[in-house]
**Q** 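Quick one: the structure is below, and I'll ask about it shortly.
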Number of protein chains: 2
Amino acid sequence: MINYTNTLRKHKLKATPQRIAIVDALFLNGHMSTEFLYSIMLAKFSSISLATIYKNINLMLENCLINEVKIPHAKSVYELTKSSHSHLLCKKCGNIEDVAIDLEELVDKISKITEFQIDKTDFILSGNCKNCH
Amino acid sequence: MINYTNTLRKHKLKATPQRIAIVDALFLNGHMSTEFLYSIMLAKFSSISLATIYKNINLMLENCLINEVKIPHAKSVYELTKSSHSHLLCKKCGNIEDVAIDLEELVDKISKITEFQIDKTDFILSGNCKNCH
DNA sequence: ACTTAATTGATAAAAATTATTCTTTATGTA
DNA sequence: TACATAAAGAATAATTTTTATCAATTAAGT
């Protein structure tokens, strides 16, 4: 198992067992809603409080350890912060996949046209995955 | 003023004064949160209920008269449904602009690579607008 | 003008999120 | 290794957001 203690400390977060388990769950599952994360955590810490989940999600967001992905017509999910990527959403089975799309050229062009200094993109492509055609 | 009565009826919605005002407000303002829409509506209908706002937003979403835009680190906003477009978000002043970006070629490519049948995109580009550099 | 189903406002209820308080614990230092 | 302390945890209350209920009103078709 990866050393999440150091991961947490790098992000100025005390390495508690609950937090280590949250990071582990996110690593294993990729994308999770608060609801689902809570159910996962309950299996490991039978008396964990839902407030602990919310507090930690917010702290980890503030410290850029995780990232929120706002899903159309559904609840947000959270993922460990990684290099910039887009998301594929299957509208049938709900599965979410990361996909590397190079948007640099496109963004540069839009930046010039619109006079916006763009430093971040959120790109979600929705449809049906290969299992749900 | 545009004939919102017919617009509403086309979407199978009874044309009440409240609904006509909602559509008008969205047309005039472009993008609005429920909160802001409620404040606008209160000015015209001093006794309008917040439940009426929520119910109508949900109905209009179901009937595809309006569209939800999920803004990173902020509340969702709603806009009248129009042809596919992306959004520019200024992180400083909060302004949201529509921008027409042709994503067809890119989406086709991703579709082939990933074996996803993609039929919709949500693309938000965040940064600083020209007034906020 | 009349009938009827849908909408509204008022309000209660439910769901989601945040705040509070007291106890426990991670971590830096002696 | 033990100690001090600031931070985090659980429990729970409070707040915020959204949805449901219901009686009164109204849009729209006949």
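To find a chain, count down the sequence lines: A is the first, B the second, and so on, and within it residues start at 1.
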**Q** What pairs of nitrogen or oxygen atoms, one from the protein and one from nucleotides 27-30 of chain D, lie under 3.5 Å apart?
**A**
| from | atom 1 | to | atom 2 | distance (Å) |
| --- | --- | --- | --- | --- |
| D:dA28 | OP1 | B:Arg9 | NE | 3.1 |
| D:dA28 | OP1 | B:Arg9 | NH2 | 3.4 |
| D:dA28 | OP1 | B:Ala15 | N | 2.9 |
| D:dA28 | OP2 | B:Arg9 | NH2 | 2.5 |

**Q** Residues in side-chain contact (heavy atoms from CB on, under 4.5 Å) with B:Ile57, at least two apart?
**A** B:Thr34, B:Leu37, B:Ile53, B:Leu61, B:Ile66, B:Tyr78
**Q** What pairs of residues pass the side-chain hydrogen bond (donor to acceptor under 3.5 Å, both in side chains) test when at least one of them lies in residues 61-77 of chain A, not counting sequence neighbours?
**A** A:Glu35-A:Lys75, A:Glu68-A:Ser76
**Q** Check whether any side-chain N or O of A:Thr121 sits under 3.5 Å from a backbone N or O of B:Leu125 as a donor-acceptor pair, and report yes or no.
**A** no
**Q** Does the side chain of A:Gln18 get closer than 4.0 angstrom to OP1 or OP2 of D:dA10 through an N or O atom?
**A** yes
**Q** B:Arg19 CZ to D:dT26 P: how many Å, rounded?
**A** 15 Å
**Q** How many Å lie between CG on A:Leu59 and P on D:dA6, as a whole number?
**A** 18 Å
**Q** Considering residues at least two apart in sequence or located in another chain, which fulfil the salt bridge (charged side-chain N to carboxylate O under 4.0 Å, His left out) criterion with B:Lys112?
**A** none
**Q** How would you summarise protein contacts on nucleotides 12-20 of chain D per nucleotide, using B for base, S for sugar-phosphate only and - for none, with heavy-atom distances below 4.0 Å?
**A** B----SBBB
**Q** Could you tell me which residues satisfy side chain to side chain donor-acceptor pair (under 3.5 Å) with B:Gln18, sequence neighbours excluded, listed by chain and number?
**A** none
**Q** Could you note down all residue pairs passing ring-ring contact (aromatic ring centres under 6.0 Å, His included) where residues 95-133 of chain A supplies at least one of them, sequence neighbours left out?
**A** A:Phe123-B:Phe123
**Q** According to salt bridge (charged side-chain N to carboxylate O under 4.0 Å, His left out), who are the partners of A:Lys14, at least two apart in sequence or on a separate chain?
**A** none
**Q** Taking only residues two or more places apart in sequence or in another chain, which ones pass side-chain contact (heavy atoms from CB on, under 4.5 Å) with A:Ser49?
**A** A:Ala51, A:Thr52
**Q** Please name all residues satisfying side-chain contact (heavy atoms from CB on, under 4.5 Å) with A:Asn131, sequence neighbours left out, ordered by chain then number.
**A** A:Cys129
**Q** If you walk 5' to 3' along DNA chain C, what is the first nucleotide with an atom under 4.0 Å of a heavy atom in chain B, and what is the last?
**A** C:dA5 to C:dT11
**Q** Holding to side-chain contact (heavy atoms from CB on, under 4.5 Å), I want the full list of residues that pass it with A:Asp108, two or more places apart in sequence or in another chain.
**A** none
